[in-house]
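Heads up: the structure comes next, in structure tokens.
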Amino acid sequence: MSCSPQLSHRDFVAVLSRCSTRAHLEQLHAHAFVSGRAAAQTTTFHLLRFAALRLSCLPYARRLFDATPNPNVFLYSAMLSAYVSSAAATPSAHAHAHGALELFLRMLRRGRPAPNQFVYPLALRAACAVGVRLVRSIHSHARKSGFCEYDVIRTALLDGCSRYGMMADARKLFDDLTERNVVSWTALVSGYARAGKVGDAIVLFERMPERDVAAWNAIIAGCTQNGLFVEAVGILGRMVDKGFRPNATTVSCVLSACGHLGMLKIGKLIHCYAWRTCVGFGSSVLNGLIDMYGKCGNLKGARWIFDEVSDRSLTTWNSLINCLALHGRSECAIAVFNEMRDEGVEPDVVTFVGLLNACTHGGFVDEGLRYFELMQHEHRIEPEIEHYGCIVDLLGRAGRFEDALNVISNMRIKSDEVIWGSLLNACRIHRQLELADLAIRKLLELDPNNANYVAMLANVYSEGGLWEEVRKIRKSVKEENIGKKLPGCSWIEIDRKTHRFYSGDDAHPESEDIYDTLDDLAASMEL
DNA sequence: ATAGGGTTAG
């Protein structure tokens, strides 16, 4: 590439827009010096944006910024934008948010350049990653400076509220906008979905006057986040029918839905689509594929994709470890965990859920306890309720009830139904009727109307041969008219026909054979 | 010359 020193600014920008590599950037940067153009902040502005947005090279962008004496408001907003947009794509989101906020505070402190309507939305987005308090204080600052008249700033604020579950505030901001567009609608839709009000989100989505790919993604993500997997796949169909092209975000969400549903066929179709349209090269889609193949039981497929991922993120490792654990491949899961540590990837809470699950399924009691310790003391991770659930399950199944109770009583968080349910299950296995009674009382304290618990207790007693107790419980259920038990349901797709099964159901034409096979399988598992 | 909405792992 050669650039004449007489290049006009317009041509300089045009050349930059056709560049794609670091070498191009360095050459144009050098050219800017030679031609004397580097002194103009508008030149730095374009170079900075290229470094940040095209090359995702934040340090280069920051060096350009730092080398500029008295950067103007354009440079500040370009640098803030660089931080904010890279925060979404990296695990160091917090560091980047702080980088942005530090610059914003510098503007306020120095009073020059004064933040404008372009700076506030960026500062608010950064604040979202840090805490609701900061969102509020930037809000009041914007209001005092008269910037809350701008719809874009109010939309950024709406988004901030919706990310922290403050839907009443979000709704008010939405209603007060002078003009609502696809961005503000989408912010509200995803807010309701994140707050668990997916029904409201769907109603709102259906009323949207205009939709784009991000809007469709918002509702699909909302469905998968709330367990509406069938709906998520259905909405993908509608989206395609309307002529919208699913992108990497869409594909990641729908792959997650396919994994949860065990829809391997649709998952493969989406894999093909991603391959054909080239949206599948990003790691988010590859991670989704690992998860989908893994959850559907195709562990070879999952491993194959995993090996193809060049920049393995925490999610990549977690997806593989989790699906190995899910299918009882405990040794494999532990091996992958060790591989991950060898490569210097720091595990997180999710990693340990998978790892502890692997230990539980494999009956690796001591290893499980060891990893539980490792997690807390070496990795400084505070256990969440899921980790305690694994440990109680692990100890309970091993018949170590005293240890299990110790863990429960030393927990720094409130126990939940999973904890006591695990203990109850262990009590059933080891015929610990007295402890079972304690567990069931705790369960009924948590949810007095759940007839499942009563049924579970009846199972414990009946397996212990206490028929009189069982009869009493059954009677009390009828008399007290506790909420109806929802039957568990599973299904499988064979030759395009879906076979659906409820627990204890004998409606299937081949029901007898199915139960016989199940008995055989159970017998061969007893060892 | 610049701004606001959409991921995935439990």
Side-chain angles (χ1 to χ4, degrees), chain A residues 9 13 40-46 48-49 72-82 84-85 88-89 115-125 128 147 150-160 162-163 173-174 177 181-191 193-194 208 211-222 224-225 246-257 259 282-292 294-295 313-323 325-326 347-357 384-387 389-390 418:
Chain A
H9 177 71
V13 174
Q41 293 205 1
T42 172
T43 302
T44 315
F45 174 83
H46 284 107
L48 195 159
R49 280 175 67 84
N72 63 20
V73 72
F74 290 101
L75 280 177
Y76 267 99
S77 52
M79 196 61 228
L80 283 172
S81 167
V84 164
S85 59
N116 62 8
Q117 70 270 35
F118 293 91
V119 171
Y120 276 100
L122 293 163
L124 282 166
R125 241 178 94 182
C128 282
F147 281 112
Y150 290 93
D151 271 352
V152 174
I153 293 176
R154 287 194 276 180
T155 306
L157 211 51
L158 186 171
D159 184 53
S162 86
R163 280 175 198 278
L173 280 157
F174 179 79
L177 288 171
N181 61 14
V182 64
V183 178
S184 38
W185 277 89
T186 306
L188 197 64
V189 165
S190 35
R194 266 192 299 260
M208 280 180 76
R211 302 184 190 111
D212 60 10
V213 174
W216 287 96
N217 288 347
I219 195 65
I220 291 174
T224 57
Q225 285 156 3
N247 62 17
T249 306
T250 327
V251 167
S252 305
C253 291
V254 181
L255 283 173
S256 160
S283 55
S284 66
V285 169
L286 296 173
N287 293 342
L289 286 168
I290 295 169
D291 177 60
M292 186 277 293
K295 281 215 181 75
S313 68
L314 185 58
T315 307
T316 318
W317 291 96
N318 285 353
S319 302
L320 187 65
I321 292 173
N322 174 51
C323 71
L326 199 69
D348 73 344
V349 275
V350 180
T351 319
F352 281 101
V353 172
L355 190 66
L356 293 177
N357 256 326
E384 291 180 359
I385 195 76
E386 287 86 355
H387 304 104
C390 289
V418 176

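Computed from a predicted model, the values in this text were never measured in an experiment. Here is how names work: the chains are called A, B, and so on, in the same order as the sequence lines, proteins then strands, and each is numbered from 1. Just so it is clear, the values below take in all heavy atoms, side chains as well, and ignore hydrogens, waters and symmetry mates.
Taking the six-membered ring where tryptophan is involved, the planes of A:F45 and A:F74 are perpendicular, since the angle between them exceeds 60° and thus also 30°. Relative orientation of the A:W185 and A:F174 rings is perpendicular, given thresholds of 30° and 60° on the angle between their planes.
Residue contacts shown for A:R49 are limited to sugar-phosphate atoms, with no base heavy atom under 4.0 Å away. Nucleic acid contact for A:V189: none, since no nucleic acid atom lies under 4.0 Å from a heavy atom of the residue. No contact: A:A248 has no heavy atom under 4.0 Å from any strand. Residue-level contact check: A:D159 touches the backbone only, with heavy atoms under 4.0 Å from sugar-phosphate atoms and none from bases. Among the protein residues, A:S284 comes within range of the nucleic acid bases, having at least one heavy atom under 4.0 Å from a base atom. Among the atoms of the strands shown, none is found under 4.0 Å from any heavy atom of A:V119. Using a 4.0 Å heavy-atom criterion, one finds that A:A221 contacts the sugar-phosphate atoms exclusively. Residue contacts for A:T249: at a heavy-atom cut-off of 4.0 Å it reaches a base atom on one of the strands shown. Among the protein residues, A:T315 comes within range of the nucleic acid bases, having at least one heavy atom under 4.0 Å from a base atom.
A:Q41 places a side-chain N or O within donor-acceptor distance of the main-chain N or O of A:N72, the cut-off being under 3.5 Å. Side chain of A:S319 to main chain of A:T315: a donor-acceptor pair is present (N/O by atom type, distance under 3.5 Å, no hydrogens or angles). The backbone N or O of A:T43 lies less than 3.5 Å from no partner atom in the side chain of A:H9, so there is not a single donor-acceptor pair.
If you check B:dG5, B:dT8, B:dG10 against the side chain of A:E386, the one that comes closest is B:dG10. Here the nucleotide nearest the side chain of A:N287, chosen from B:dT8, B:dG10, B:dT2, is B:dT8. For A:N357, counting side-chain heavy atoms from C-beta on, the closest listed nucleotide (B:dT2, B:dT8, B:dG10) is B:dG10. Listed candidates were B:dA9, B:dG4, B:dA1. Nearest to the side chain of A:A156 is B:dG4. Listed candidates were B:dA9, B:dG4, B:dG5. Nearest to the side chain of A:A187 is B:dG5. In this structure, the nucleotide among B:dA9, B:dA1, B:dG6 sitting nearest to the side chain of A:V350 is B:dA9. Side-chain proximity of A:D291 to B:dA3, B:dG6, B:dA9: nearest is B:dA9. Side-chain proximity of A:V213 to B:dG6, B:dA3, B:dA9: nearest is B:dG6.
The base of B:dT8 lies outside donor-acceptor range of the side chain of A:S252, with no N or O pair under 3.5 Å. If you check distances only, the side chain of A:S77 does reach the base of B:dT2 with a donor-acceptor pair under 3.5 Å. With hydrogens and angles left out, the side chain of A:N181 and the base of B:dG5 share no donor-acceptor pair within 3.5 Å.
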Next item on the list: Could you check A:S284 against A:N287 for side chain to side chain donor-acceptor pair (under 3.5 Å), going step by step and ending with a plain yes or no?
Entry: CA-CA 5 Å; A:S284 66; A:N287 293 342; over 6 Å; no

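The side chain of A:N322 contributes an N or O atom lying less than 4.0 Å from OP1 or OP2 of B:dG10. Side-chain nitrogen and oxygen atoms of A:K295 include at least one within less than 4.0 Å of the OP1 or OP2 phosphate oxygen of B:dG10. Within the 4.0 Å cut-off from OP1 or OP2 of B:dG4, not a single side-chain nitrogen or oxygen of A:Q117 is found. Applying the 4.0 Å criterion to OP1 and OP2 of B:dG6, one finds that A:R163 has a side-chain N or O inside that range. Within the 4.0 Å cut-off from OP1 or OP2 of B:dG6, not a single side-chain nitrogen or oxygen of A:Q225 is found. For B:dG6, the OP1/OP2 oxygens have no side-chain nitrogen or oxygen of A:R211 closer than 4.0 Å. Regarding contacts with the backbone of B:dA9, a side-chain N or O of A:S256 is found under 4.0 angstrom from either OP1 or OP2.
Taking atom CD of residue A:E384 and atom C1' of nucleotide B:dA9, one finds them 13 Å apart after rounding to whole Å. Atom-to-atom, CG of A:L255 to C1' of B:dT8 comes out at 9 Å; the value is rounded to the nearest Å. As a whole-Å value, the separation of A:R125 CZ from B:dG5 C1' is 9 Å. The distance between atom NE2 of A:H46 and atom C1' of B:dA1, rounded to the nearest whole Å, is 5 Å. Here the C1' atom of nucleotide B:dA3 and the OH atom of A:Y76 are 18 Å apart, to the nearest Å. The interatomic distance linking A:L158 (CG) with B:dG5 (P) rounds to 11 Å, in whole Å. Put simply, CE on A:M208 is 12 Å from P on B:dG6, counting in whole angstrom units. Atom CD1 in A:I321 sits about 15 Å away from atom C1' in B:dT8, given to the nearest Å.
Residue ring and nucleobase are stacked for A:F74 and B:dA1, with a centre distance beneath 5.5 angstrom and an angle between planes beneath 30°.
Taking CG from A:L158 and CD1 from A:I153, the interatomic distance works out to 13.5 Å, rounded to the nearest 0.5 Å.
The closest side-chain donor-acceptor pair between A:S313 and A:T316 falls under 3.5 angstrom.
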